[in-house]
Amino acid sequence: MRCDEETKRIVLEAARHAFAVEGYAATSTEELARHAGISTRTLYRLFPSKAALFEAMCADRLERLLSAVDLQASDEVDIETGLRAALLACADLALDPEVVALQRMVLQESAAFPELALNFYKNGISRTVRALAGWLRVQVKRKRIAIDDAEEVAGMLIGMVASAPQRAAIYGSMPLPSRQQIERRVRRCAALFLDGCRAARGLAMRF
């Protein structure tokens, strides 16, 4: 017999795929329960509502990103290598095909289900910015860079790396960038940022 944690993981995986493919309104909790091999009663015991399930799914999707960003705040990693790794972790999440599909779905259905947009922002966009901001604060503390507002800068960096490809995919039906293209974009963004705020250069410019 499965424990609740294993059952939750199975339900979240099924929900992640269903929400991205079918949309929020068309996703049936009864069908999700069948895919997980549980009753709808058990599903609602684990997740009180479909909105709660969507929120939990978004939060779960972010855990890999948070781990990746935290792991790069190491004394052994130079600032440029660490920044590239942190930005790549953000880009991998923001430009993941299922995440982009979820964002498209949120945009389409947020008028009817306004809690979707709030949950996606809270558990996706906002949490990603806070994770990168935490990494940046460590670098400021170690006097590797000089910035005034870590959360503002984190939002700018994520925008540089992911916003244009996201918009092209969501609004222009363009293909998402390849891994090589993402890595090249990350390198350029990291270089532009560090040229402007590397503390060791003693530049007057502060972000």
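Heavy atoms from other residues, nucleotides or ligands lying under 6.0 Å from CZ of R184 number more than 12.
Summarising the geometry, atom CD belonging to E13 is positioned 7.0 Å from atom CG belonging to D60; distances are rounded to the nearest 0.5 Å. Rounded to the nearest 0.5 Å, atoms CD (E115) and CZ (F120) are 14.5 Å apart. Here the OG atom belonging to S110 is positioned 11.0 Å from the CD atom belonging to Q103, to the nearest 0.5 angstrom. We find the OG1-CG distance between T40 and L32 to be 11.0 Å, quoted to the nearest 0.5 Å. Once rounded to the nearest 0.5 Å, the distance linking NE2 of H17 with CG of L12 reads 15.0 Å. In this structure, Q166 CD and D96 CG are separated by 10.5 Å, a value rounded to the nearest 0.5 Å.
With a 4.5 Å cut-off on side-chain heavy atoms, C58 and N119 do not count as touching. Within the 4.5 Å cutoff, the side chain of L87 has no heavy atoms near those of the W135 side chain. At least one side-chain heavy atom of K8 sits less than 4.5 Å from a side-chain heavy atom of F47. R179 places a side-chain heavy atom less than 4.5 Å from the side chain of D92. Under the 4.5 Å side-chain criterion, counting only non-hydrogen atoms from C-beta, V100 is in contact with R104.
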Quiz item: Taking it one step at a time, do E22 and E31 satisfy side-chain contact (heavy atoms from CB on, under 4.5 Å)?
Solution: CA-CA 12 Å; E22 304 293 336; E31 187 174 341; over 6 Å; no
Quiz item: Can S178 and Q180 be said to form a side chain to side chain donor-acceptor pair (under 3.5 Å), step by step?
Solution: CA-CA 5 Å; S178 66; Q180 185 179 18; 5.1 Å; no
Quiz item: Where do I79 and R142 land on the side-chain contact (heavy atoms from CB on, under 4.5 Å) test, with the steps shown first?
Solution: CA-CA 10 Å; I79 180 66; R142 292 173 179 166; over 6 Å; no
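If you chain together hydrophobic residues whose side chains sit under 4.5 Å apart, M174 and M105 never meet in one group. Each of L118 and F113 belongs to its own hydrophobic cluster when Ile, Leu, Val, Met, Phe, Trp and Tyr are linked at side-chain heavy-atom distances under 4.5 angstrom. No single ILVMFWY cluster, assembled from side-chain heavy atoms under 4.5 Å apart, contains both V21 and L116. Note on L176: it clusters hydrophobically with I182, by side-chain heavy-atom contacts below 4.5 Å among ILVMFWY residues. Hydrophobic cluster membership differs between I10 and Y44, with clusters built from Ile, Leu, Val, Met, Phe, Trp and Tyr side chains linked at under 4.5 angstrom.
Here the side chain of K50 pairs a donor or acceptor atom with the backbone of T27 at under 3.5 angstrom. Between the side chain of E80 and the main chain of A190, no donor-acceptor pair closer than 3.5 Å is present. Not a single donor-acceptor pair under 3.5 Å links the side chain of R84 to the backbone N or O of R187.
Partners of R137 under the salt bridge (Lys or Arg N to Asp or Glu O under 4.0 Å) rule, at least two apart in sequence or in another chain, are E151.
The two residues F193 and L83 come nearest to each other via the heavy atoms CD2-CD2, 3.5 Å.
Aromatic ring orientation, Y24 versus F19: parallel (interplanar angle below 30°, classes split at 30° and 60°).
Electrostatic pairing of R45 and D4 counts as a salt bridge here, judged by a charged N lying under 4.0 Å from a carboxylate O.
Exactly one of L192, L136, V186 qualifies for a side-chain contact (heavy atoms from CB on, under 4.5 Å) with L157. That residue is L136.
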